[in-house]
Amino acid sequence: MNMGMYWPILIIVISNVFYQLCAKSSPENMNPFAVLVISYAVSAVCCAILYTVLNPSGSLVQELKNTNSIPFLIGIALVGLEAGTIYMYKVGWAVNTGYIVHSALIALALLVVGFLVFKEPITWSKVAGIVICMIGLYFINK
């Protein structure tokens with residue numbers, strides 16, 4: 001596999017660890033949706049800056065003309081991901097288990113969705129990996 005394929009994974013891992021730490025540390029007396037309003041405002045500004053820096057000849061107005069429903073659906077999904085994560089910690093999940101539990105369940109769901117929607121093959125090694133994850137979940141939550 002090309003080493004250039006790993007830099008996005010590194011960004012995801014570093015960002016996700018930072019995100020989980022921040023979500024776990026969000027103020028207890030602050031409504032999670034208020035946290036998200038501020039977070040998305042900062043995110044929108046950062047994205048606008050990055051868009052301009054990385055695409056100096058681009059036009060956000062033109063990008064809006066080219067869009068379909070997907071960015072809006074991603075926005076809705078992000079609210080669920082973010083709010084669910086903050087609430088997960090507020091109801092008492094530990095940072096070292098909550099993420100592992102939901103990630104393993106997401107992997108299982110995506111295995112099925114990948115097969116049903118995108119016709120991706122389910123191999124014996126993928127099934128073995130899911131079984132190992134489920135066994136791991138048992139021990140993590142014991």
Practice task
Go through the structure and list residues passing side-chain contact (heavy atoms from CB on, under 4.5 Å) with Ile49, not counting sequence neighbours.
Solution key: Val45, Val53
Fill in the blank from the handout: Residue set satisfying side-chain contact (heavy atoms from CB on, under 4.5 Å) with Ser59, at least two apart, ordered chain then number -> Val61, Gln62
Practice task
Show which residues join Trp7 in its hydrophobic cluster (side-chain heavy-atom contacts under 4.5 Å, direct or indirect), or state none.
Solution key: Ile11
Exercise for the section: Give, for atom CD1 of Ile38 and atom OG of Ser43, the distance between the pair rounded to the nearest 0.5 Å. Expected result: 13.5 Å
Handout entry: Closest approach of Thr67 to Pro71 (non-hydrogen atoms, all atoms of both residues)
Key = OG1-CG, 3.1 Å
Fill in the blank from the handout: Here the pair of heavy atoms bringing Gly4 nearest to Pro8 is O-CD, 3.9 Å
Problem - side-chain contact (heavy atoms from CB on, under 4.5 Å) involving Tyr87 - partner list, sequence neighbours excluded - result: Pro32, Phe33, Ala83
Extract all donor-acceptor atom pairs below 3.5 Å that involve side chains of residues 134-142 and protein atoms in other chains or at least two apart in sequence.
unit_1, atom_1, unit_2, atom_2, d
Tyr138, OH, Lys142, NZ, 3.0
Asn141, ND2, Leu137, O, 3.1

Practice task
Among residues two or more places apart or on two chains, list those pairs meeting ring pair (Phe, Tyr, Trp, His ring centres under 6.0 Å) that have a residue in residues 96-126.
Solution key: Tyr99-His102
Handout entry: Hydrophobic cluster partners of Leu10 (side-chain heavy atoms under 4.5 Å)
Key = Ile14
Would you be so kind as to tabulate the donor-acceptor pairs closer than 3.5 Å made by side chains of residues 75-82, with sequence neighbours excluded?
unit_1, atom_1, unit_2, atom_2, d
Glu82, OE1, Tyr19, OH, 2.6

Practice task
State the CD1-CG distance between Ile122 and Leu111, to the nearest 0.5 angstrom.
Solution key: 4.5 Å
Problem - For Glu120, all residues meeting side chain to side chain donor-acceptor pair (under 3.5 Å), sequence neighbours excluded - result: none
Handout entry: Summary of side chain to side chain donor-acceptor pair (under 3.5 Å) pairs that have at least one residue in residues 23-42, sequence neighbours excluded
Key = none
Handout entry: Transitive ILVMFWY cluster of Ile106, excluding itself - 4.5 Å side-chain cut-off
Key = Leu110
Exercise for the section: Could I get the full list of side-chain contact (heavy atoms from CB on, under 4.5 Å) partners for Pro56, not counting sequence neighbours? Expected result: none
